[in-house]
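One-based numbering, in listed order, for ligands and for the atoms of each. Just so you know, these numbers come straight off a predicted model, no measurement behind them. The figures that follow rest on heavy atoms only: side chains count, while hydrogens, waters and symmetry mates do not.
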Amino acid sequence: MKKPLLKVDFHTHTTYSDGRLTPERLISRAKNLGVGTLAVTDHDTTAGLKEARIFAEQSGIHLVDGIEISCRQGDTSVHLLVYGSKVFNERLLQFVQNFREKKLGRVERILEKLHVLGFPISLEELDAVDYENLGRPHIGRAMVRKGYVQSLSEAFAKYLSPGRLAYVPREEADTQEAVRLLGEIGAVCAVAHPGQIRMEQGELFKNIKHWQSLGLCGIECYHPCHEDRLAEFYASYAKENNLLVLGGSDFHEIGASDSKHGELGDQSGRWKNLEEDVQQLLTRIG
Ligand code: AMP
Ligand code: FE
Ligand code: FE
Ligand code: ZN
């Protein structure tokens, strides 16, 4: 009988960005859940990868170095996943550093707004490893801890999402500029959760085509925010257009699976050509 392939996950976060597990706990959880290949893709930082590698080697997990870069296109965010040794490229690190530096100021502005709304939270009350890499989840979780809301999703729905009273947009990289840079340094990069890009479908694929001409190599097809039909639609588009098919849970914390985030390895179960796609991906990543 054929040995069942271990689960894979190409999209996860740790405490070095807005996840709640340290790299050590993330790896140990992945191991317990039967994940054999795991990419750590913190937002705008590679700071957790060194630690992750130590624990991955101890646990016999194949770790793929990664990063998720937040970009902007018009009035929507576009997230790019990057894999392999090129995540440590100096130009790329400088590029993300520029935007990371702006995160703290934006978080302070959100805290000011919340203060006015009667929900005071100090910077010290945000549970963060890296104060340079704070985001809205840190604020939402502090709101839960302080009893201002019942859940993180309530914090987003009522206060932190675009259009809500405490929302402050943040400066993100220009998508085209980012993809061009990634193409120039020869990085393996994919568009993350395209279902979250607020763009009409024709326009989305026009953009993907353009990004591909600049260096985009893949599409994250299997993601908790894509229902089965949409995931298969992206996968067949990717195959027809010579793009890699990717999948990941976008795991941030235990017990917080929602329409945007899942549990480690959870996309493997519905990933149609898992073995073949992962083989292609790992070959490209090198
Ligand atoms: P920021 O980087 O501050 O713009 O926050 C974006 C992050 O917030 C994403 O990476 C998600 O982890 C998280 N997020 C976005 N929307 C929600 C939501 N509705 N519920 C929980 N987390 C969310
Ligand atoms: Fe996040
Ligand atoms: Fe994302
Ligand atoms: Zn993510």
Item to complete: Examine the proximity of ligand 1 to His43 and report which part, side chain or backbone, both or neither, has a heavy atom under 4.0 Å away.
Response: side chain
Response to the item:
Looking at His79, the N, O or S atom sitting nearest the Fe ion (ligand 3) is ND1
Worksheet entry | Identity of the N, O or S atom of Asp18 lying closest to the Fe ion (ligand 2) | OD2
Discussion item. Checking a contact table here: which protein heavy atom is nearest atom 18 (C) of ligand 1, and how many Å away?
Written reply: Phe156 CG, 3.5 Å
Practice prompt. Tell me whether His252 has at least one N, O or S atom under 2.8 Å from the Fe ion (ligand 2).
Written response: yes
Response to the item:
Contact region, His13 to ligand 1, non-hydrogen atoms below 4.0 Å, reads neither
Response to the item:
When distances are taken from atom 12 (O) of ligand 1, the protein heavy atom at minimum range is His252 NE2, 2.8 Å
Worksheet item: Are Leu165 and Leu111 connected, step by step, through hydrophobic side chains (Ile, Leu, Val, Met, Phe, Trp, Tyr) whose heavy atoms are closer than 4.5 Å?
Response: yes
Worksheet item: Should Phe88 and Thr46 be marked as a side chain to side chain contact (heavy atoms under 4.5 Å, CB included) after you check the CA-CA gap, both sets of side-chain angles, and the distance that decides it?
Response: CA-CA 7 Å; Phe88 301 111; Thr46 55; 3.9 Å; yes
Fill in: Check ion pair Glu171-Arg72 (N to O, under 4.0 angstrom)
no
Discussion item. Once you restrict to heavy atoms under 4.0 Å, what part of Asp18 touches ligand 1? Side chain, backbone, both or neither.
Written reply: side chain
Fill in: Lys/Arg N to Asp/Glu carboxylate O, Lys272 vs Asp277, below 4.0 Å
no
Fill in: Residue, atom name and distance, where the atom is the protein heavy atom closest to atom 11 (C) of ligand 1
His261 NE2, 3.5 Å
Discussion item. For ligand 1, which is the ligand I care about here, please tell me if Lys103 has any N or O atom under 3.5 Å from one of the ligand's N or O atoms.
Written reply: no
Discussion item. How long is the straight-line distance from CG of Leu246 back to CG of Leu281, given to the nearest 0.5 Å?
Written reply: 4.5 Å
Fill in: Lys/Arg N to Asp/Glu carboxylate O, Lys103 vs Asp44, below 4.0 Å
yes
Practice prompt. Specify the protein heavy atom at minimum distance from atom 6 (C) of ligand 1: its residue, its atom name, and the distance to 0.1 Å.
Written response: Arg136 NH2, 3.6 Å
Discussion item. Whether the Tyr234 and Glu220 side chains hold a donor-acceptor pair (N or O, under 3.5 Å, no angle test) is what I'd like checked.
Written reply: no
Worksheet item: What angle, in degrees and rounded to 10°, do you get at the Fe ion (ligand 3) when you join it to NE2 of His193 and to OE2 of Glu68?
Response: 110°
Item to complete: Assess Arg106 for proximity to ligand 1: is some non-hydrogen atom of it under 4.0 Å away?
Response: yes
Worksheet entry | Pair Arg91 + Glu184, salt bridge at N-O below 4.0 Å | yes
Practice prompt. Considering only non-hydrogen protein atoms, determine which one is nearest to atom 16 (N) of ligand 1 and report residue, atom name and distance to 0.1 Å.
Written response: Lys260 NZ, 3.2 Å
Practice prompt. Confirm or rule out an N/O/S atom of His261, from backbone or side chain, lying less than 2.8 Å from the Fe ion (ligand 2).
Written response: no
Worksheet item: Is the distance between the ring centroids of Tyr167 and Tyr159 less than 6.0 Å?
Response: no
